[in-house]
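Contents: one structure, followed by commentary.
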There are 2 protein chains.
Amino acid sequence: MRVVLDGDRLPDPVPAGEYETCPVTDVLRRLSDKWTLLLITLLGRRPYRFNELNRAVEGISQRMLTRTLRTLESDGLVEREVFGTSPPSVEYRLTPLGVSLLEPLSALAGWAVDHQAEVADARRRLA
Amino acid sequence: MRVVLDGDRLPDPVPAGEYETCPVTDVLRRLSDKWTLLLITLLGRRPYRFNELNRAVEGISQRMLTRTLRTLESDGLVEREVFGTSPPSVEYRLTPLGVSLLEPLSALAGWAVDHQAEVADARRRLA
DNA sequence: CTGCATCCGGGCGGATACTG
DNA sequence: CAGTATCCGCCCGGATGCAG
């Protein structure tokens with residue numbers, strides 16, 4: 001899906017088939033897996049070490065913490081710094097690109113908060 | 001995850017366990033399934049009939065078109081109008097709530113478009 | 001402390017066939 | 001035209017065990 005933004009105009013979808021390469025769908029799918037948003041939000045506050053994240057995000061498995069961080073890293077949103085201390089320690093922080101994502105993400109978060117009651121009502125009505 | 005927004009401050013995550021009820025994660029997970037964004041974008045332009053969508057969104061299965069529309073409907077983002085003509089015809093359109101989502105969604109879409117090259121570069125580098 | 005390897009259940013989403 | 005029903009493969013994500 002190709003996207004054209006001019007002024008307040010909305011993204012302009014193409015019949016698709018190209019939709020796989022749509023950067024908007026792409027970023028949405030990445031952000032939406034179970035722990036990504038939470039990790040981005042945490043790392044938006046300050047850098048964290050691995051086990052610090054593991055404790056801060058109650059309920060996450062080590063496997064998914066590693067996987068999610070690796071994905072964020074390979075997308076250029078998070079960077080990893082290894083300290084060769086003993087015991088070793090690794091620090092994760094948002095890259096400038098990651099920081100730049102916080103603003104539009106906050107806009108969407110704001111919508112979710114402002115309208116959660118309406119969504120909840122709609123669900124109850126059509127349950 | 002509870003969320004607190006004051007001014008430019010970012011969503012404020014709580015250790016989680018509550019994260020399941022976080023409205024932000026909730027909306028992100030809904031928006032991010034395969035066809036939702038594309039359908040919202042299309043319906044943001046004008047109302048569509050069922051088969052019109054089926055043809056416009058090349059590659060979608062009838063099953064997923066129905067499922068996605070039903071979910072959007074039960075979330076209060078889309079409304080369904082049935083015309084008892086023969087053959088019958090059904091029209092789908094965004095609700096006011098759905099329309100209100102377009103703006104923050106466009107913000108995120110804009111980010112995705114503006115930074116897609118950086119993300120692509122990062123992926124190539126760490127492939 | 002910071003991971004990787006393996007196994008496994010559940011849900012997303014495609015294909016196909018059938019209906020009012 | 002606008003769906004429903006069924007089957008099925010795949011990948012997300014949890015649990016557990018092992019390693020540098």
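Below, chain A is the first sequence line, B the second, and so on; all start at residue 1.
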C:dC12 OP1/OP2 closer than 4.0 Å to side-chain N/O of B:Arg67: yes

Measuring only between side-chain heavy atoms, which start at C-beta, is A:Leu102 closer than 4.5 Å to A:Thr41? no

Measuring from atom CG of B:Asn54 to atom CD of B:Glu52, what distance do you get when rounded to the nearest 0.5 angstrom? 11.0 Å

If you pin A:Glu52 and B:Met64 to their nearest nucleotides in DNA chain C, which one's is more 5'? A:Glu52

Considering just the side-chain nitrogens and oxygens of B:Tyr48, establish if one lies under 4.0 Å of OP1 or OP2 belonging to D:dC1. no

With respect to the phosphate group of C:dG3, does any side-chain polar atom (N or O) of A:Arg63 fall under 4.0 Å of OP1 or OP2? no

What nucleic acid atoms does B:Phe83 come within less than 4.0 Å of, heavy atoms only: base, sugar-phosphate, or nothing? nothing

Closest of C:dG20, C:dC4, C:dC1 to the A:Pro88 side chain is C:dC1

Phosphate OP1/OP2 of D:dG13 contacted by B:Arg29 side-chain N/O (<4.0 Å): yes

How many Å lie between CD1 on B:Ile60 and C1' on C:dC12, as a whole number? 13 Å

Interatomic distance, B:Leu69 CG vs D:dT4 C1' [rounded to whole Å]: 15 Å

Side-chain N or O of A:Arg49 less than 4.0 angstrom from OP1 or OP2 on C:dC1? no

Whole-Å distance separating the CD atom of B:Glu58 from the P atom of C:dG14: 13 Å

Round to a whole Å and report the spacing from CD of B:Glu91 to P of D:dG3. 12 Å

Atom-to-atom span, CD of B:Gln62 to C1' of D:dC7 - whole angstrom: 17 Å

What's A:Asn54 touching, base or sugar-phosphate or nothing? Going by heavy atoms closer than 4.0 Å. nothing

Atom pair CZ (B:Arg67) and CD1 (B:Ile60), whose distance is rounded to the nearest 0.5 Å: 11.0 Å

Count I, L, V, M, F, W, Y as connected when their side-chain heavy atoms are under 4.5 Å apart, and connections chain through other members. Are B:Leu53 and B:Phe83 then in the same cluster? no

Nucleotide nearest B:Trp35 when distance is taken to its side chain, options D:dT4, C:dG3, C:dG14: C:dG14

Looking only at side-chain N and O atoms, does A:Arg80 come under 4.0 Å of OP1 or OP2 in C:dG3? yes

Atom CG of B:Leu65 to atom P of C:dG14: distance rounded to whole Å? 11 Å

Residue B:Arg70, side-chain heavy atoms: nucleotide from D:dC1, D:dG3, C:dT2 that is nearest: D:dG3

Distance in angstrom units between B:Phe50 CZ and D:dA2 C1', rounded: 6 Å

Closest approach to the side chain of A:Pro87, judged atom by atom: which nucleotide of C:dC1, D:dT4, D:dA2 is it? C:dC1

Would you confirm whether A:Thr36, through its side chain, and A:Ser32, through its main-chain N or O, come within 3.5 Å as a donor-acceptor pair? no

Would you kindly give the CG-to-P distance between B:Asp33 and D:dC12, to the nearest whole Å? 14 Å

